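Let me begin by presenting the structure, written as structure tokens, before commenting on it.
Note that this is a predicted model, so its numbers are computed, not measured. A note on names: the letters A, B, ... follow the listed sequences, proteins ahead of strands, and every chain is numbered from 1. Note: hydrogens, waters and symmetry copies are ignored here, and every other heavy atom, side chains too, is used.
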2 protein chains.
Amino acid sequence: MSTRPVPERLATQLASGASGFAVTFDDVRMEDVAVASGIPRATLYYYFAGKEELLAFVLRTMLDDLEASVAIAQGRARDARGRLAAVVRAQLAHLAANPGASRLLLLNLGRAGRIGAIAAGIDAAFHAPVRQILIQGIEAGDLVALDVEVATTAVYGSVVAVGLQALLSRGGIDVDATAERLIALLWSGIAAPGPEARRARP
Amino acid sequence: MSTRPVPERLATQLASGASGFAVTFDDVRMEDVAVASGIPRATLYYYFAGKEELLAFVLRTMLDDLEASVAIAQGRARDARGRLAAVVRAQLAHLAANPGASRLLLLNLGRAGRIGAIAAGIDAAFHAPVRQILIQGIEAGDLVALDVEVATTAVYGSVVAVGLQALLSRGGIDVDATAERLIALLWSGIAAPGPEARRARP
DNA sequence: CAGAGATTGAACGCACCGTCCAACCATAGA
DNA sequence: TCTATGGTTGGACGGTGCGTTCAATCTCTG
């Protein structure tokens, strides 16, 4: 980044205080961040060029964590289904563990996406792992031949929508149950199993 | 709404001028809307309580159109797959036909969703039709037993993400091709067909 | 033609952002 | 111990865009 290197202490204090219950970038007032984090406003401006850069730092940190978490989870499985399940589960778990930042990011993709580092972070943490699994899965014959970009985006959209929905309406995510259902859906679709069987019904 | 009834002329002029290339609510300045639509700022405030209400009107109008369009499309098919395909296609087509308002809405769900009418409109235009098809499809045995809310949200998320992705990166949507691919994905999932066949591989 | 309501220009106050600066503090090296 | 360097902070300021207000038209309708 173009900004000054951010001390450890600041980073942690921001992570806790910056994105509390905000649903909008405008909900985050610099003065509030200052109070919530215990860092004076002038100091915030000493380290960040503005609110945008500050939130970019917070959100980017969250995305970096997610990227790492996804990479680890994904390495635990061999087959396409297992790896996809691990990735989706890790993503949902991260949304559940960082509800504030997640909400703020996903409900404000317009503001957030215009920050290069954020757009790149979303791709690295959400799209890229899925894309890779799909490509390899198709090559291995585990997956049907499909448009990788469309499928990658569809997986991203469904994970994010389902996670966000849970966060907003239930205030949290039942990660295990939700991940299992979502993965079943992504893997097999919504159709009743066995097209012949269905056609043979009375 | 609590606001004054909006004359036809205003509505059309707003639809064309209000959401142009904006990616953020802040990108839409009242003065700009005034110039773009030819309606003086004071007149805008005469009809709308503020920017939020004005954008709510524009976005809600778009969602109402989509709801109607989806209802018509959905009525053209009988079976679950055909109806779902019709709905998804209509949704993508509407995004393609209203890129400005769609972008603004979907990239700012935080701002937009806090407006009751918008949240309701999203449910009516995106979720409800899918939810109904899923429920009836499960009952009819065309669909596997699944968590309707999760599946509904997943469909919504994938449609919106794929549509938005196309709008942003390609500047438009190839509705037919995209809809077909997306529906295939939702219907059958990503797994290679025939679980036995796959399991039988060396 | 009078009154009601629509329409508009202009000026204002407000909230919050971002900038600036002077003062202070901590500490590393002389 | 002294001092220079750089982090840290409070406080004041200007700018932008929103929303309000009001008086001055304009346009119907009866």
By side chain to side chain contact (heavy atoms under 4.5 Å, CB included), A/S37 pairs with (sequence neighbours left out) A/Q13, A/L14, A/V33, A/I39
B/Y45 atom OH is separated from C/dC14 atom C1', nearest whole Å, by 13 Å
The correct set of residues in residues 19-30 of chain A placing a heavy atom under 4.0 Å from DNA chain D is none
Whole-Å distance, A/R41 CZ to C/dC21 P, equals 16 Å
Residues 86-95 of chain B vs salt bridge (charged side-chain N to carboxylate O under 4.0 Å, His left out), sequence neighbours excluded, gives B/R89-B/D176
ring-ring contact (aromatic ring centres under 6.0 Å, His included) pairs touching residues 3-46 of chain A, sequence neighbours excluded, are none
Residue pairs passing the salt bridge (charged side-chain N to carboxylate O under 4.0 Å, His left out) test with at least one member in residues 115-130 of chain A, sequence neighbours excluded, are A/D123-A/R131
In short, ring-ring contact (aromatic ring centres under 6.0 Å, His included) pairs touching residues 77-105 of chain A with sequence neighbours left out are none
For residues 97-149 of chain A, the ring-ring contact (aromatic ring centres under 6.0 Å, His included) pairs (sequence neighbours left out) are A/F126-A/Y156, A/H127-A/Y156
Between N or O atoms, less than 3.5 Å apart, protein on one side and nucleotides 3-6 of chain C on the other: list the pairs.
{"unit_1": "C/dA6", "atom_1": "OP2", "unit_2": "B/Y46", "atom_2": "OH", "d": "2.5"}
{"unit_1": "C/dA6", "atom_1": "O5'", "unit_2": "B/Y46", "atom_2": "OH", "d": "3.2"}

With B/V148 as partner, the option from B/L143, B/V130, B/I135 fulfilling side chain to side chain contact (heavy atoms under 4.5 Å, CB included) is B/I135
Note: for B/L10 and A/E52 on DNA chain C, the residue whose nearest nucleotide lies more 5' is B/L10
Residue set satisfying side chain to side chain contact (heavy atoms under 4.5 Å, CB included) with A/A15, at least two apart, ordered chain then number -> none
Atom NZ of B/K51 and atom P of C/dA15 are separated, to the nearest Å, by 17 Å
In the 5' to 3' direction, the nucleotides of DNA chain D bounding the stretch that comes under 4.0 Å of a heavy atom in chain B are D/dG17 to D/dT20
Closest to the 5' end of DNA chain D, once A/A42 and B/E31 are matched to their nearest nucleotides, is A/A42
Taken in chain and number order and not counting sequence neighbours, the residues that satisfy side chain to side chain donor-acceptor pair (under 3.5 Å) with A/R103 are none
task = Verify, without hydrogens or angle tests, whether A/T12 (side chain) and A/R9 (backbone) share a donor-acceptor contact under 3.5 angstrom.
result = yes
The complete set of salt bridge (charged side-chain N to carboxylate O under 4.0 Å, His left out) pairs with one or both residues in residues 183-193 of chain A, sequence neighbours excluded, reads none
